[in-house]
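Here the structure comes first, spelled out in structure tokens, and everything after it is commentary.
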There are 2 protein chains.
Amino acid sequence: MNTLSYGLLALLTANPLTGYELTQGIKPLWRAGHSQIYPLLQGMESKGYITHERIEQSDKPDKKIYTITREGISVLQEWVKLPAEPAVLRDELHFKLYSLWLTEPEEAKTLLQQRAAFNRSELDRYNLLIKANEALRDERGETRELKATTFGRYLLLQKRVMAMKASIEFCEWAIGELERGSLPPEV
Amino acid sequence: MNTLSYGLLALLTANPLTGYELTQGIKPLWRAGHSQIYPLLQGMESKGYITHERIEQSDKPDKKIYTITREGISVLQEWVKLPAEPAVLRDELHFKLYSLWLTEPEEAKTLLQQRAAFNRSELDRYNLLIKANEALRDERGETRELKATTFGRYLLLQKRVMAMKASIEFCEWAIGELERGSLPPEV
DNA sequence: TTATATTATGTCTATATTTACATATGCAAC
DNA sequence: GTTGCATATGTAAATATAGACATAATATAA
């Protein structure tokens, strides 16, 4: 059971999902491709943490809907209590900023503008997800569980939004530093 | 040549360093252990991007000081121009927040407080690095290159500082949400 | 006096991640 | 009509990362 496995269990506590839906749904939380996810689902099923039901479809390929078991919930519950490991961030931009003096200031500006544009599109995506989450809560948020899951999602999405805003702010600030000529003009 | 290799080259453009110093110095930029770094240095030397000089020491183990070659600088220069791939963030806390409803609110609060404490210590470390960088610039910042490298470092460290501040802000906000009881009291 | 930390370089194994390969249906655009 | 996209599930191979094993000097703390 690696971190991603617990993450899949976490998604399945809200509602049963297919491997395909898990691959899509995990995107705001963790980076993982379907080739990682399908084998982990098989492994967790053999451990008894999840079960699946095969749904035959005529128009689209058949699918497997995975449901978390009581045992799966209990192992997740134990894991959630454990302190969270420090986040791992791997960003090429760190190295590119560090090597700034090797580039023309215009190139550096372009790098930062590209990153800012990407972050803005991510921010839009997260804002859409927050709206969808609110709609879900308002529509069928009668039960305590659903209120609680939409609250967890709300916290997580706000975390991503705040991180994206900070990253955009950094890009804009750094572009300003470059333009204001913190470096002597001949560089 | 993977991303980490280019990162090592980036560090070596500022001044020659040993594998050990690279292992320490890369920490604010990328997560990597020495077992990753030593083989990459050997590989880059065989490609002609770096060279080393062995320094014998009687009190401490001998060391190898690596210097970037003209060819190494030019491959790095080409790489820096390329657009930066999106950052990869892997944070267990995402899954733990998503699973919040499985935990007691007190446990959730503890998770967030632990993360905030860790981030504050990281913030302190970065502030020290910024001061050291400023001291370096003021002491022997006569050359254009040194000014430019300290500027690159300055941008990078500010990026980390802004990200840490945003993360601390999130933790404090989320703890507040938990305390303010956005969830019905019986949860 | 023994244990631990720092400096210093390396290998090996296990695990995690990425990318490509593989197959299949239906729908829309061109 | 065929190219590409969304749905859907899988495997295989290559690469990256983490953790353990290995050695060795000196200094410091318990």
Side-chain angles (χ1 to χ4, degrees), chain A residues 1-8 11-12 16-27 29-47 50-67 85-92 94-95, chain B residues 1-9 11-12 16-27 29-47 50-67 79 85-92 94-95:
Chain A
M1 289 290 290
N2 56 17
T3 306
L4 179 54
S5 299
Y6 289 109
L8 294 171
L11 290 184
L12 289 175
L17 294 165
T18 68
Y20 185 81
E21 288 166 333
L22 284 165
T23 305
Q24 308 302 314
I26 208 154
K27 275 177 189 167
L29 294 94
W30 198 266
R31 173 158 148 181
H34 73 274
S35 64
Q36 266 182 288
I37 289 171
Y38 288 119
L40 291 180
L41 289 172
Q42 289 169 20
M44 287 198 288
E45 184 156 40
S46 76
K47 288 195 192 80
I50 54 176
T51 54
H52 84 266
E53 191 200 350
R54 180 165 211 106
I55 306 289
E56 288 183 32
Q57 298 183 120
S58 51
D59 54 333
K60 284 179 275 185
D62 297 352
K63 61 183 177 183
K64 293 177 176 179
I65 298 181
Y66 285 94
T67 306
E85 290 293 308
V88 177
L89 172 69
R90 285 204 170 89
D91 191 349
E92 284 191 4
H94 291 174
F95 296 145
Chain B
M1 289 292 289
N2 57 17
T3 306
L4 179 54
S5 299
Y6 289 108
L8 295 171
L9 288 184
L11 290 185
L12 289 174
L17 294 165
T18 67
Y20 184 82
E21 288 166 333
L22 284 164
T23 304
Q24 308 302 314
I26 209 155
K27 275 176 190 169
L29 294 93
W30 197 265
R31 172 157 148 181
H34 74 273
S35 64
Q36 263 182 288
I37 289 171
Y38 288 119
L40 291 179
L41 289 172
Q42 290 169 20
M44 287 197 288
E45 183 156 41
S46 76
K47 289 195 191 80
I50 53 177
T51 54
H52 84 266
E53 192 201 348
R54 183 167 208 104
I55 305 289
E56 286 181 32
Q57 299 183 122
S58 51
D59 53 334
K60 285 179 274 185
D62 297 353
K63 60 183 179 182
K64 294 178 175 179
I65 298 181
Y66 286 93
T67 306
W79 178 78
E85 290 292 308
V88 177
L89 172 69
R90 286 203 170 92
D91 191 350
E92 284 191 4
H94 291 173
F95 295 144

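Letters A, B, ... are given to chains in the order of the sequence lines, protein chains preceding strands, and every chain is numbered from 1. All heavy atoms count here, side chains included; hydrogens, waters and symmetry mates do not. Every value quoted in this text rests on a predicted model; they were computed, and no experiment measured them.
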May I have the distance from [X] (atom [atom1]) to [N] (atom [atom2]), rounded to whole angstrom?
X: A:E92; N: C:dT18; atom1: CD; atom2: P; answer: 13 Å
X: B:R31; N: C:dA16; atom1: CZ; atom2: P; answer: 13 Å
X: B:E85; N: C:dT18; atom1: CD; atom2: P; answer: 11 Å

Using the ring of each side chain (for Trp, its six-membered ring), is A:F95 parallel, tilted or perpendicular to B:W79, with breaks at 30° and 60°?
tilted
Kindly determine whether B:E45 and B:Y66 satisfy side-chain contact (heavy atoms from CB on, under 4.5 Å), including the steps that lead there.
CA-CA 9 Å; B:E45 183 156 41; B:Y66 286 93; 3.9 Å; yes
Identify the 5'-most and 3'-most nucleotides of DNA chain D with at least one atom closer than 4.0 Å to a non-hydrogen atom of chain B.
D:dA16 to D:dT26
Hey, could you give me the CD1/CD1 distance between A:I50 and A:I65, rounded to the nearest 0.5 Å?
13.0 Å
For nucleotides 6-13 of chain C, just jot down a letter per nucleotide in 5' to 3' order: B, S or -, based on protein non-hydrogen atoms under 4.0 Å.
SBBBBBB-
Using the side-chain contact (heavy atoms from CB on, under 4.5 Å) criterion, which residues pair with A:Q42? Sequence neighbours excluded.
none
Check side-chain contact (heavy atoms from CB on, under 4.5 Å) between A:P86 and all other residues, then give those that pass, not counting sequence neighbours.
B:F118
Going through the checks in order, is the side-chain contact (heavy atoms from CB on, under 4.5 Å) test met by B:M44 and B:L9?
CA-CA 9 Å; B:M44 287 197 288; B:L9 288 184; 3.8 Å; yes
Under a 4.5 Å cut-off applied to non-hydrogen side-chain atoms, are A:T3 and A:E85 in contact?
no
Are the side chains of B:R54 and B:D62 in contact, using a 4.5 Å heavy-atom criterion?
yes
Got a list of side-chain donor-acceptor pairs under 3.5 Å for residues 30-41 of chain B, not counting sequence neighbours?
none

Begin from the C-alpha positions of A:I55 and A:T18 and carry the test side-chain contact (heavy atoms from CB on, under 4.5 Å) through to its verdict.
CA-CA 10 Å; A:I55 306 289; A:T18 68; over 6 Å; no
Describe, as an angle rounded to 10 degrees, how the axis at the first end of the helix from C:dT1-D:dA30 to C:dC30-D:dG1 is tilted relative to the axis at the last end, five pairs per end.
30°
Closest nucleotide of DNA chain C for A:A32 versus for A:S58: which of these residues is on the 5' side?
A:A32
